[in-house]
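Input: a single structure, listed below in C-alpha cells.
Numbered from 1 within each chain, the chains take letters A, B, ... in sequence-line order.
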There are 2 protein chains.
Amino acid sequence: MSVGHTAVTTEPVVSCGGEDCGIREVLDRIGDKWSVLVVVELAQGVRRFRELQRAVPGISQRMLTLTVRRLERDGLISRTVHAVVPPQVDYELTPTGHSLTHLVRALADWSAEHRDGIAESRRRWDAAHPDSGIH
Amino acid sequence: MSVGHTAVTTEPVVSCGGEDCGIREVLDRIGDKWSVLVVVELAQGVRRFRELQRAVPGISQRMLTLTVRRLERDGLISRTVHAVVPPQVDYELTPTGHSLTHLVRALADWSAEHRDGIAESRRRWDAAHPDSGIH
DNA sequence: CCGGATCCGTACCGATACTG
DNA sequence: CAGTATCGGTACGGATCCGG
C-alpha cells in the first residue's frame, strides 16, 4: 500500500518549504481575474459602482459586485452608501489597499520589462513542441 | 488528442485603463495555484522532479508537470534531461526566472505585513454579514 | 524516476432577468 | 444607479492508471 509515496493526507496544507507562507493568501485575492484591475482604478481616486464597471470594460455586474465585496471584506477598500436618489455608492482604497498598489506597480514593472522576452520564449517553445497542448 | 485551444471563447479585452497593461499576463502565469511555490523552491537551487514534488506537498504529478512545462515555455525555468537510468531531470531558474523571485519576495513581505490585519478585517466583516456567502 | 493519458468533480465566471 | 438571484458552460485541478 502506497509504497514510497508520502502520505496523501486530506489536509490542504501547502505548508511552503520555508520561503512562502502567506503568498498563497495574497494570490488567492489579487490573483483572480478582476481584483487587480479594480485596485488599479481605485488607485486613481474614489469611484462609484458604475464608474468602476466602465473603467474595467470586460467585467460583469455580478463579478464587479463579488470583487468589491471581497476586497471590502479584506479591508482593502471601503464602501460608502449615500442616502440619495438615485442611489450612490462610493468605493475607495483603504491605507492597506493603497499599500497594495506598490506591489501592483512592481508587478507592472516586471511585466513590462519581461513581456517581450516571455512572448519570444513562448514562440520558440511552441515551434519546438507543436502538439503539446500546453498553454 | 490535444484539444489545442479552439477559438470558441474569450478575447481578454481588459484593455486596462492606463496603469495596467500586462499585469494580467503575469498573474495568469504566477497567479495559478502552484507556479509561485515551484519558483520559490527553485530559487534555492537546482531540483529534480521528485524533489520538487516533495518540496510542494499538496501538488500532484500532473500539476507539477503542467506547471514546470508552462514555466519552461515562458523561459522562467530550464529543463535538463540526463541520459541515465533511472532517468534524471533537473530544473533550474533562468535569469528571467530569478528576477521573478524578487517580485515573489515583495509579495511575501507584503503578505507577512498585512496578513493579520486582513484576517482581522475578515472576522469583523463575517460577523457583520452572517449569511452573505462571500469568501 | 519522469512523466503522459484519461476520467471526473467543482469552482469560476458570463449572461440574463429581476428588485429597491 | 446599485445591486441580487439563477442558470449553465468551461476550464482547472485531483486521482488513477499506464508507459519509457
Side-chain angles (χ1 to χ4, degrees), chain A residues 1-14 24 27-29 31-35 37-38 46-70 72 77 79-91 129 131-135, chain B residues 1-14 24 27-29 31-35 37-38 47-54 56-70 72 77 79-91 129 131-135:
Chain A
M1 342 305 227
S2 71
V3 178
H5 190 272
T6 51
V8 181
T9 65
T10 53
E11 311 298 332
V13 123
V14 175
R24 276 251 50 85
L27 267 58
D28 286 341
R29 178 60 49 231
D32 71 359
K33 200 171 181 181
W34 303 111
S35 293
L37 302 178
V38 170
V46 179
R47 292 290 186 276
R48 301 177 57 170
F49 188 87
R50 269 301 202 192
E51 292 175 331
L52 278 177
Q53 192 171 3
R54 276 190 294 267
V56 186
I59 200 171
S60 63
Q61 310 90 327
R62 171 184 147 80
M63 287 316 296
L64 181 54
T65 298
L66 285 176
T67 301
V68 293
R69 284 288 176 285
R70 292 197 274 239
E72 185 195 6
I77 70 178
R79 177 174 177 268
T80 308
V81 181
H82 301 278
V84 297
V85 290
Q88 174 172 352
V89 180
D90 288 342
Y91 293 94
H129 307 263
D131 312 327
S132 68
I134 303 292
H135 55 283
Chain B
M1 225 76 74
S2 84
V3 289
H5 197 303
T6 51
V8 174
T9 47
T10 68
E11 291 315 303
V13 122
V14 178
R24 277 252 48 87
L27 289 169
D28 286 341
R29 179 59 50 228
D32 70 0
K33 199 171 182 180
W34 302 111
S35 292
L37 302 178
V38 170
R47 292 290 186 274
R48 302 179 56 172
F49 188 87
R50 268 300 206 205
E51 292 175 332
L52 278 177
Q53 192 171 5
R54 276 189 295 265
V56 186
I59 200 169
S60 63
Q61 290 179 344
R62 169 185 149 81
M63 288 316 297
L64 181 54
T65 299
L66 286 176
T67 300
V68 293
R69 282 292 176 281
R70 292 196 276 240
E72 186 196 4
I77 70 177
R79 179 174 177 268
T80 308
V81 182
H82 300 276
V84 297
V85 289
Q88 175 172 350
V89 180
D90 289 343
Y91 295 93
H129 309 262
D131 16 287
S132 65
I134 301 292
H135 54 283

Under 3.5 Å, N/O pairs linking protein and nucleotides 15-20 of chain C:
none

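B:L64 has its CG atom 18 Å from the P atom of D:dT16, to the nearest Å. At whole-Å resolution of the value, CG in A:L66 and P in D:dT6 are 14 Å apart. Spacing between atom CG of A:D32 and atom P of C:dA11 amounts to 16 Å, rounded to whole angstrom units. Nucleotide D:dC12 holds its P atom 9 Å from the CG atom of B:D28, rounded to whole Å. Protein atom CE of A:M63 is 15 Å distant from nucleotide atom C1' of D:dT4, rounded to whole Å. To the nearest angstrom, C1' of D:dG3 lies 15 Å from CD of A:Q88. If you take CD of B:Q53 and C1' of C:dC2, they are 10 Å apart, rounded to a whole angstrom. To the nearest angstrom, C1' of D:dA2 lies 9 Å from CZ of A:R48.
Looking at residues two or more places apart in sequence or on another chain, you find a side-chain hydrogen bond (donor to acceptor under 3.5 Å, both in side chains) between A:R79 and A:Y91. Among residues two or more places apart in sequence or in another chain, the side-chain hydrogen bond (donor to acceptor under 3.5 Å, both in side chains) test is passed with A:D32 by A:S35. With sequence neighbours excluded, no residue forms a salt bridge (Lys or Arg N to Asp or Glu O under 4.0 Å) with B:R69. For A:R70, the side-chain hydrogen bond (donor to acceptor under 3.5 Å, both in side chains) test picks out no residue, with sequence neighbours left out. The salt bridge (Lys or Arg N to Asp or Glu O under 4.0 Å) search around B:R29 returns B:D74, not counting sequence neighbours. In this view, B:D28 and B:R24 satisfy the salt bridge (Lys or Arg N to Asp or Glu O under 4.0 Å) rule, not counting sequence neighbours.
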Report, one line per pair, each donor and acceptor closer than 3.5 Å where one atom sits in a side chain of residues 48-59 of chain A; sequence neighbours left out.
unit_1	atom_1	unit_2	atom_2	d
A:R48	NH2	A:P87	O	3.4
A:R50	NH1	A:Q53	OE1	3.1
A:E51	OE1	A:R48	N	2.8

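For B:V89, whose side chain is taken as the heavy atoms from C-beta onward, the closest listed nucleotide among D:dG3, C:dG14, C:dG3 is C:dG3. Proximity note for A:R54 (side chain, C-beta onward) versus D:dC1, C:dG14, C:dG4: the nearest is D:dC1.
Where the helix from C:dC1-D:dG20 to C:dG20-D:dC1 starts and where it ends, the local axes point in directions that differ by 40°; five pairs per end, rounded to 10°.
Within the model, atoms CG of B:D90 and CD1 of B:I77 stand 11.5 Å from one another, a figure rounded to the nearest 0.5 Å. Atom CG of residue A:L64 and atom CD of residue A:Q61 lie 8.5 Å apart, to the nearest 0.5 angstrom.
Of the residues near DNA chain C, B:T65 and B:H135, the one whose nearest nucleotide (by heavy atom distance) lies more toward the 5' end is B:T65.
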